[in-house]
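Down below is the structure, laid out as structure tokens.
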Number of protein chains: 2
Amino acid sequence: MAATLDTVFSALADPTRRAILAMLLEDDMAVTDVAEPFEMSLAAISKHLTVLTNAGLISQERRGRVKWCKLEPDALREASVWMQGFGMMEGLDLDAFERFLDAELADPSLLEEKE
Amino acid sequence: MAATLDTVFSALADPTRRAILAMLLEDDMAVTDVAEPFEMSLAAISKHLTVLTNAGLISQERRGRVKWCKLEPDALREASVWMQGFGMMEGLDLDAFERFLDAELADPSLLEEKE
DNA sequence: CGGATTGTCAACCGGTTGGTTGAATATGCG
DNA sequence: CGCATATTCAACCAACCGGTTGACAATCCG
């Protein structure tokens, strides 16, 4: 699917879909389990999941009766890069971010609150 | 204006609006000048500008007849932080990332190459 | 004043979105 | 086989979106 900035951003514009993404951050889930916490029909959730799939933000793999949903965070990269063009991440180039990741992983106390 | 993730992301979901933001990256502009390169009515652009204003992504200040549009890149921060929670933050807590952002913005030299 | 420029408002229109319901389609299990 | 489970499909609906046009308001200028 062509995951354009349009499809990605508009997929992210719905709170239900963002909540679904957050849930999938924890673990892969079946459609029914994704739907469980929401007060809307399963069919509605199914639609949200196809929107997310078309945006490339998740992938769905059928295994037996169950269709598993998996987060595909790479789809956020293009959008993230686009946003970085706008100043608010002044100086926060990806290299710096990688170094931050390394540092954090090596020594999580590095960025502790310093008061 | 309450600039929620909803309003920000849905504002960004339209290519015309993203193009407008990119133009404003260069310089502040009057409404008519913003509209000039687009093949649509001034009224349509005016609507897009109110959407961007409601999302907090731009501000508009009237000076005489002319209304100047100014980019407000800070509005992207919340959305950006939300997005960074996915994928690149594997195994990291968001609080640390936000502290990182603050520190980075306060002192960009913090993460200079250390070789 | 009177005319040109700048921008918004209001009404309208077709297409999309986010939800519903009920039927349909697989698949697994006893 | 026959039933329960898992998920989608199809039709429908109200609401919203992105665009149009024409009228309107405000400001500058000769």
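Worth saying up front: this structure is predicted, and the values here are computed from it rather than measured. Below, chain A is the first sequence line, B the second, and so on; all start at residue 1.
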Is it true that a side-chain atom of B/Arg62 and a backbone atom of B/Arg65 form a donor plus acceptor pair closer than 3.5 Å?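 Yes: the side chain of B/Arg62 pairs with the backbone of B/Arg65.
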Side-chain donor/acceptor of A/Ser46 to backbone N/O of A/Leu42, under 3.5 Å: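 No, the answer is negative, given that no donor and acceptor are paired below the 3.5 Å cut-off.
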Any side-chain N or O of [X] under 4.0 Å from OP1/OP2 of [N]?
{"X": "B/Arg62", "N": "D/dA26", "result": "no"}
{"X": "B/Ser41", "N": "D/dT20", "result": "yes"}
{"X": "B/Arg65", "N": "D/dA25", "result": "no"}
{"X": "B/Lys47", "N": "D/dC17", "result": "no"}

Given atom [atom1] of [X] and atom [atom2] of [N], what is their separation to the nearest angstrom?
{"X": "B/Met40", "N": "D/dT21", "atom1": "CE", "atom2": "P", "answer": "12 Å"}
{"X": "A/Ile45", "N": "C/dT21", "atom1": "CD1", "atom2": "P", "answer": "14 Å"}
{"X": "A/Asp6", "N": "C/dT17", "atom1": "CG", "atom2": "C1'", "answer": "15 Å"}
{"X": "B/Leu49", "N": "D/dG19", "atom1": "CG", "atom2": "P", "answer": "12 Å"}
{"X": "B/Lys67", "N": "D/dA26", "atom1": "NZ", "atom2": "P", "answer": "13 Å"}
{"X": "A/Leu52", "N": "C/dG18", "atom1": "CG", "atom2": "C1'", "answer": "13 Å"}
{"X": "B/Asn54", "N": "C/dT8", "atom1": "CG", "atom2": "P", "answer": "12 Å"}
{"X": "A/Arg18", "N": "C/dG18", "atom1": "CZ", "atom2": "P", "answer": "12 Å"}

Which nucleotide in [options] has an atom nearest any side-chain atom of [X]:
{"X": "B/Asp14", "options": "D/dG18, C/dT21, D/dT7", "answer": "D/dG18"}
{"X": "B/Val31", "options": "D/dT8, D/dG19, C/dG7", "answer": "C/dG7"}
{"X": "B/Thr16", "options": "D/dT8, D/dA6, D/dG19", "answer": "D/dG19"}
{"X": "B/Leu42", "options": "D/dG18, D/dT7, C/dG7", "answer": "C/dG7"}
{"X": "A/Ala43", "options": "C/dC9, C/dG18, C/dG22", "answer": "C/dG22"}

Can you find a pair of side-chain heavy atoms, one from B/Met23 and one from B/Pro37, that are under 4.5 Å apart?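 Yes, side chains in contact.
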Taking the side chain as everything from C-beta on, heavy atoms only, tell me whether B/Phe9 gets closer than 4.5 Å to A/Arg18.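 Yes. Closest side-chain heavy atoms under 4.5 Å.
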Sugar-phosphate only, base, or nothing, as touched by A/Arg63 at under 4.0 Å among non-hydrogen atoms: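 Counting heavy atoms under 4.0 Å across all strands, no contact is made by A/Arg63.
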